[in-house]
Trainee: 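Structure incoming, see below.
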Amino acid sequence: MYTGYESGAAIMERLCVFRGLVRWLLLLLPLLLLLLSGGEGRESELNYVTCGSLVKLLNTRHNVRLHSHDVKYGSGSGQQSVTGVESADDSNSYWQIRGKPARPCQRGSAIKCGQAIRITHMKTGRNLHTHHFSSPLSNNQEVSAFGENGEGDDLDVWTVQCEGVYWERDDPVRFKHVGTEVFLSVTGEQYGHPIRGQREVHGMSSPNQHTWWRTMEGVFIQPSQEPLRHDEL
């Protein structure tokens, strides 16, 4: 039986659906404009890694992605462990590219070669970090994830080493730690329980074939693009 109350409820339901559609259209609009623009200048911008982007970083020598999780080291600093994983699908391998403490980079701006950055783990909000502790398997320098809600200390800062002016998405780069001058590296050592099969990530004193990284999957923020929230990835 049709009633005024039922008609009102149906209208409200349609309004909710309409609002949801509008919200998703607004989120997709920057991407649609990006695809439709097709200009050479815009294509050039898309080649760069930008401030605020969420990326997965692949070690090109060992084919593992930089990874972290809320598992602490059982030795050394006891901080959150950082590892390399072969899986391309693990959401714990997303990292956000950010500026130095108290000197944030402009969201969407291209990261320059030689620029100092922080690399923040998306799921736990801790920064890629190293210090004078020995790594548990290779006795190189331990690399951990440190801080809370994206804020740690000066040992969270790395410089991007690359050729040219800007960090290009398809080019291999190195990350050199500002405080201790080691290079982010993987040399193949594998953990046992509770993170069986994951590779040790550590710092090495000199650059070599084990210290090359390249961006893979991610959300690359553009200057005119409203960034997606983490829960919308």
Side-chain angles (χ1 to χ4, degrees), residues 27-28 30-31 34 46-73 79-101 104-111 115-130 143-152 156-160 162 167-175 177 184-186 191 194-195 197-202 211-223 225-233:
L27 288 171
L28 291 171
L31 180 59
L34 210 62
L46 292 176
N47 291 333
Y48 302 133
V49 177
T50 54
C51 177
S53 293
L54 289 169
V55 297
K56 292 183 178 181
L57 296 166
L58 179 79
N59 183 278
T60 60
R61 175 66 178 84
H62 296 277
N63 200 37
V64 292
R65 285 162 174 78
L66 189 68
H67 182 88
S68 192
H69 34 231
D70 197 11
V71 176
K72 306 294 192 293
Y73 286 121
Q79 293 175 5
Q80 181 172 304
S81 57
V82 172
T83 62
V85 297
E86 293 181 349
S87 172
D89 301 326
D90 197 322
S91 61
N92 276 313
S93 299
Y94 276 111
W95 301 80
Q96 186 175 38
I97 307 303
R98 304 170 62 219
K100 293 170 60 177
C105 50
Q106 182 180 354
R107 184 174 292 275
S109 62
I111 300 295
Q115 184 171 338
I117 61 169
R118 286 177 293 176
I119 304 172
T120 304
H121 189 239
M122 186 190 78
K123 282 287 188 72
T124 62
R126 297 190 172 102
N127 298 319
L128 190 69
H129 179 97
T130 190
V143 170
S144 65
F146 175 75
E148 295 293 337
N149 300 316
E151 299 304 321
D156 301 338
V157 182
W158 304 75
T159 57
V160 181
C162 50
W167 177 5
E168 297 197 18
R169 286 168 52 176
D170 292 333
D171 287 352
V173 301
R174 290 185 169 110
F175 300 105
H177 190 243
L184 187 67
S185 176
V186 176
Y191 287 104
I195 49 176
Q198 296 186 22
R199 309 293 178 86
E200 181 184 85
V201 172
H202 47 245
T211 59
W212 288 113
W213 299 84
R214 185 162 65 89
T215 56
M216 299 298 286
E217 304 82 6
V219 178
F220 295 86
I221 303 302
Q222 301 302 314
Q225 180 180 338
E226 186 66 23
L228 297 178
R229 295 199 307 271
H230 292 172
D231 58 0
E232 293 170 340
L233 288 174

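Just so it is clear, the values below take in all heavy atoms, side chains as well, and ignore hydrogens, waters and symmetry mates. Numbering starts at 1 and runs along the sequence shown.
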Trainee: Quick one: ring-ring contact (aromatic ring centres under 6.0 Å, His included) partners of Phe146, sequence neighbours excluded?
Mentor: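 Phe146 satisfies ring-ring contact (aromatic ring centres under 6.0 Å, His included) with His129 once adjacent residues are dropped.
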Trainee: Would you say the side chain of Gln115 lies within less than 4.5 Å of the side chain of Cys105, judging by non-hydrogen atoms?
Mentor: yes
Trainee: Do side-chain atoms of Lys100 reach the backbone of Val157 as a donor and acceptor pair under 3.5 angstrom?
Mentor: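 Between the backbone of Val157 and the side chain of Lys100 there is no qualifying donor-acceptor contact (under 3.5 Å).
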Trainee: For the side chain of Gln96 and the backbone of Gly52, is there at least one donor-acceptor N/O pair under 3.5 Å apart?
Mentor: yes
Trainee: Side chains of Val219 and Tyr94, heavy atoms from C-beta outward: is any pair under 4.5 Å?
Mentor: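 They are not in side-chain contact.
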Trainee: Who pairs with Glu200 by side-chain hydrogen bond (donor to acceptor under 3.5 Å, both in side chains), at least two apart in sequence or on another chain?
Mentor: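 Partners of Glu200 under the side-chain hydrogen bond (donor to acceptor under 3.5 Å, both in side chains) test: Ser135, Ser138, His202.
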Trainee: For Phe220 and Tyr48, work out which heavy atoms get closest and say how close.
Mentor: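 What the structure gives for the nearest pair is CD2-O, 4.2 Å.
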Trainee: Would you please name every residue forming a side-chain contact (heavy atoms from CB on, under 4.5 Å) with Trp212, sequence neighbours left out?
Mentor: Thr60, Pro172, Arg174
Trainee: Looking at every heavy atom in both Gln80 and Thr124, which two are closest together, and how far apart are they?
Mentor: NE2-OG1, 3.0 Å
Trainee: Going from OG on Ser185 to CZ on Arg199, what distance comes out if it is rounded to the nearest 0.5 angstrom?
Mentor: 12.5 Å
Trainee: List for me each residue that meets side-chain hydrogen bond (donor to acceptor under 3.5 Å, both in side chains) alongside Ser93, sequence neighbours excluded, and say none if there are none.
Mentor: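 Ser93 satisfies side-chain hydrogen bond (donor to acceptor under 3.5 Å, both in side chains) with His67 only.
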Trainee: Does some side-chain heavy atom of Leu66 sit less than 4.5 Å from a side-chain heavy atom of Val82?
Mentor: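 Yes, side chains in contact.
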Trainee: Which heavy atom of Ala116 sits nearest a heavy atom of Thr159, and at what distance?
Mentor: CA-CG2, 4.1 Å
Trainee: Between His121 and Trp95, what is the shortest heavy-atom contact and its length?
Mentor: N-CE3, 3.3 Å
Trainee: Just wondering, do His69 and Thr83 contact through their side chains at under 4.5 Å, heavy atoms?
Mentor: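 A side-chain contact exists here, since the closest heavy-atom pair is under 4.5 Å.
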Trainee: Does Asp70 have any salt bridge (charged side-chain N to carboxylate O under 4.0 Å, His left out) partners at least two apart in sequence or in another chain, and if so, which?
Mentor: Lys72, Arg126
Trainee: For the residue pair Val201 and Tyr73, what are the closest heavy atoms and their distance?
Mentor: O-OH, 4.3 Å
Trainee: Rounded at 0.5 Å granularity, tell me how far CG in Leu54 sits from CD1 in Ile221.
Mentor: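 Nearest 0.5 Å value for the CG-CD1 distance: 6.5 Å.
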Trainee: Any heavy-atom pair between the side chains of Glu168 and Asp170 that's under 4.5 Å?
Mentor: no
Trainee: At what distance, to the nearest 0.5 angstrom, does CD1 of Ile111 lie from OG1 of Thr215?
Mentor: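 If I round to the nearest 0.5 Å, the distance is 12.0 Å.
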Trainee: Could you pull out the closest heavy-atom pair between Leu184 and Trp213, with the gap in Å?
Mentor: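 In terms of heavy atoms, the two residues are closest at O-NE1, 3.0 Å.
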Trainee: With Ser53, which residues qualify under side-chain hydrogen bond (donor to acceptor under 3.5 Å, both in side chains), at least two apart?
Mentor: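 Partners of Ser53 by the side-chain hydrogen bond (donor to acceptor under 3.5 Å, both in side chains) criterion, ordered by chain and then number, come out as Thr50.
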Trainee: Given side-chain contact (heavy atoms from CB on, under 4.5 Å), test Arg169 with Asn47 step by step and report yes or no.
Mentor: CA-CA 6 Å; Arg169 286 168 52 176; Asn47 291 333; 5.8 Å; no
Trainee: Under the salt bridge (charged side-chain N to carboxylate O under 4.0 Å, His left out) rule, collect the residues that match up with Arg98, sequence neighbours excluded.
Mentor: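 Only Glu151 meet the salt bridge (charged side-chain N to carboxylate O under 4.0 Å, His left out) criterion with Arg98.
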Trainee: Would you please name every residue forming a side-chain contact (heavy atoms from CB on, under 4.5 Å) with Cys162, sequence neighbours left out?
Mentor: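 Counting only residues at least two positions away or on another chain, Cys162 forms a side-chain contact (heavy atoms from CB on, under 4.5 Å) with Cys113, Val160, Trp167, Val173.
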Trainee: With heavy-atom distances below 4.5 Å as the criterion, would you say the side chains of Ser68 and Asn92 are in contact?
Mentor: no
Trainee: Between Asn127, Val55, Leu128, which is the residue that forms a side chain to side chain contact (heavy atoms under 4.5 Å, CB included) with Ile119?
Mentor: Leu128
Trainee: Going by salt bridge (charged side-chain N to carboxylate O under 4.0 Å, His left out), name the residues that satisfy it together with Arg65, two or more places apart in sequence or in a different chain.
Mentor: Glu217
Trainee: Working to the nearest 0.5 angstrom, can you tell me the gap between Asn63 CG and Arg214 CZ?
Mentor: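 Reported value, rounded in 0.5 Å steps: 9.5 Å.
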